[in-house]
Amino acid sequence: MLSPFINKRLDGVIWRMEIDSLSDTIFLETRTDDRQVAFTSVNLNTGETNFENHTTAERWLTGIEAAYDGLLLLHNYQSENTPVHKGISAIDNAAQIIWSNYTYGFDHLTVNGPVVFNTQVQPKKLFLIDIKTGTMLRTYNPPIDVEIDNYIRFPQTTTPAQLNGPLTSDSYGNVAQYLHYNKFRIVSLHTLNNGQLQQRLFINDETATVYEDLLNTGIQKMQPESFILYKNLVIYIKNKSNLIVTPL
């Protein structure tokens, strides 16, 4: 039987996850009803927490932008009424801000680092920056600044009838999400239990169910994006606030 390697409950609802494939670190953004956003960093190799429930001077209008080489990039928002991002700050594994630039706008990650632009310059020009200092290195060069591989696989959607082999629960809505990894098949589906809608996760090997968990119960509608596979790790959120990581 399989068992979780990481089972971490956080304060607030996990709003976003970002995985840095260079350092095998997962970063989480949580938000609470009293309008407080916080950030947590966990090493996926050791299970150790680098920092937890870290808050910034901006209580609410900030969020995760990206992660690269062990550093987390945060953004602010232009205002409460717009989704437009403003500025970039980088924090390290000690949750210390190592640089900030309020004229940067984030574009995307490459194998060579983050690509940004100056929001005060039009037309927009992209350039590569040093993740550790925030300084401009050179103009963005697409042939060599290719997008970085994040090693994340998302489940596919099918019907339970199309999955070979029995499932331990009857599905609701005739929809299932699944992935195959080596001898394992990961399946997520919804069930009804005494009139309550639930979301379940199963991992099967070639002969039996080797892992099962109840992700959500008493929910009002079917939940998408139930899990991801990062390298050999099944990663999912349970009850909106629990980070679960199970190795295959």
Side-chain angles (χ1 to χ4, degrees), residues 1-21 23-55 60 62-64 67 72 74 93 95 150-155 167-169 171-172 175-179 181 184-194 196-204 209-248:
M1 300 294 290
L2 302 176
S3 60
F5 169 59
I6 297 171
N7 185 344
K8 189 171 190 63
R9 180 174 178 81
L10 298 174
D11 296 334
V13 173
I14 297 176
W15 195 259
R16 176 169 176 172
M17 297 189 305
E18 192 76 22
I19 296 177
D20 169 28
S21 60
S23 65
D24 290 328
T25 304
I26 187 168
F27 297 93
L28 304 112
E29 173 185 328
T30 54
R31 293 182 180 266
T32 59
D33 290 339
D34 61 348
R35 295 171 64 83
Q36 176 68 68
V37 60
F39 306 97
T40 297
S41 169
V42 180
N43 187 304
L44 291 172
N45 289 323
T46 65
E48 295 179 353
T49 299
N50 298 316
F51 57 81
E52 183 173 352
N53 293 326
H54 169 71
T55 58
W60 187 246
T62 186
I64 290 177
L72 176 64
L74 302 179
N93 276 336
N150 59 19
Y151 299 99
I152 294 173
R153 292 178 58 192
F154 295 93
L167 296 172
T168 57
S169 295
S171 66
Y172 173 84
V175 174
Q177 294 183 316
Y178 76 100
L179 268 180
Y181 177 80
F184 297 104
R185 182 185 66 186
I186 311 113
V187 176
S188 173
L189 48 79
H190 291 78
T191 62
L192 277 178
N193 182 24
N194 295 324
Q196 284 196 329
L197 186 61
Q198 299 179 331
Q199 186 181 29
R200 295 182 175 273
L201 180 79
F202 304 92
I203 301 178
N204 302 313
T209 298
V210 295
Y211 185 87
E212 180 177 347
D213 202 359
L214 177 63
L215 306 188
N216 293 288
T217 188
I219 52 180
Q220 302 300 312
K221 60 182 180 179
M222 296 174 65
Q223 305 292 303
E225 301 176 359
S226 53
F227 68 92
I228 61 171
L229 182 68
Y230 172 71
K231 298 182 178 178
N232 70 319
L233 303 175
V234 179
I235 301 175
Y236 61 92
I237 304 301
K238 179 175 180 176
N239 295 326
K240 299 182 180 180
S241 298
N242 270 54
L243 170 68
I244 311 290
V245 180
T246 301
L248 299 180

Would you please name every residue forming a salt bridge (charged side-chain N to carboxylate O under 4.0 Å, His left out) with K231, sequence neighbours left out? D24

Exactly one of [options] should register a side-chain contact (heavy atoms from CB on, under 4.5 Å) with [X]. Which one does?
X    : options             : result
I203 : D213, T209, L248    : L248
V245 : L233, V42, I26, N7  : L233
T30  : V37, N53, V13, L243 : N53

Can you measure from [atom1] ([X]) to [atom2] ([Y]) and round to the nearest 0.5 angstrom?
X    : Y    : atom1 : atom2 : answer
M222 : Q177 : CE    : CD    : 8.5 Å
N193 : Y172 : CG    : OH    : 14.0 Å
R200 : N216 : CZ    : CG    : 11.5 Å
L28  : E18  : CG    : CD    : 10.5 Å
Q36  : T55  : CD    : OG1   : 5.0 Å
N239 : I244 : CG    : CD1   : 9.0 Å

Can you tell if the side chain of [X] reaches within under 4.5 Å of the side chain of [Y], non-hydrogen atoms only?
X    : Y    : result
F202 : L189 : yes
L10  : K8   : yes
W60  : R31  : yes
L2   : F184 : yes
I186 : P155 : no
T25  : L44  : no
L215 : S226 : yes

What verdict does the side-chain contact (heavy atoms from CB on, under 4.5 Å) test give for I64 and L74, after you've listed the backbone C-alpha separation in whole Å, the side-chain angles of each residue and the deciding distance to 0.1 Å? CA-CA 5 Å; I64 290 177; L74 302 179; 4.2 Å; yes

Closest non-hydrogen atom pair between [X] and [Y], with its separation:
X    : Y    : answer
G47  : F5   : N-CZ, 3.4 Å
Y211 : Y236 : OH-OH, 2.5 Å
S21  : Y230 : CA-OH, 3.3 Å
I219 : Q198 : CD1-C, 4.4 Å

Flag yes if more than 12 heavy atoms outside W15 fall under 6.0 Å of its CH2 atom; otherwise flag no. no

M17 vs I237, test: side-chain contact (heavy atoms from CB on, under 4.5 Å). Steps then yes/no. CA-CA 10 Å; M17 297 189 305; I237 304 301; 3.7 Å; yes

Between F227 and L179, does a side-chain contact (heavy atoms from CB on, under 4.5 Å) hold up when you go through it step by step? CA-CA 10 Å; F227 68 92; L179 268 180; 3.9 Å; yes

Taking the side chain from S188 and the backbone from L201, do they hold a donor-acceptor pair closer than 3.5 Å? no

Provide the full list of ring pair (Phe, Tyr, Trp, His ring centres under 6.0 Å) pairs with a residue in residues 28-52, sequence neighbours left out, each pair given once. F51-H54

Side chain to side chain donor-acceptor pair (under 3.5 Å) filter on T32, not counting sequence neighbours, yields D34

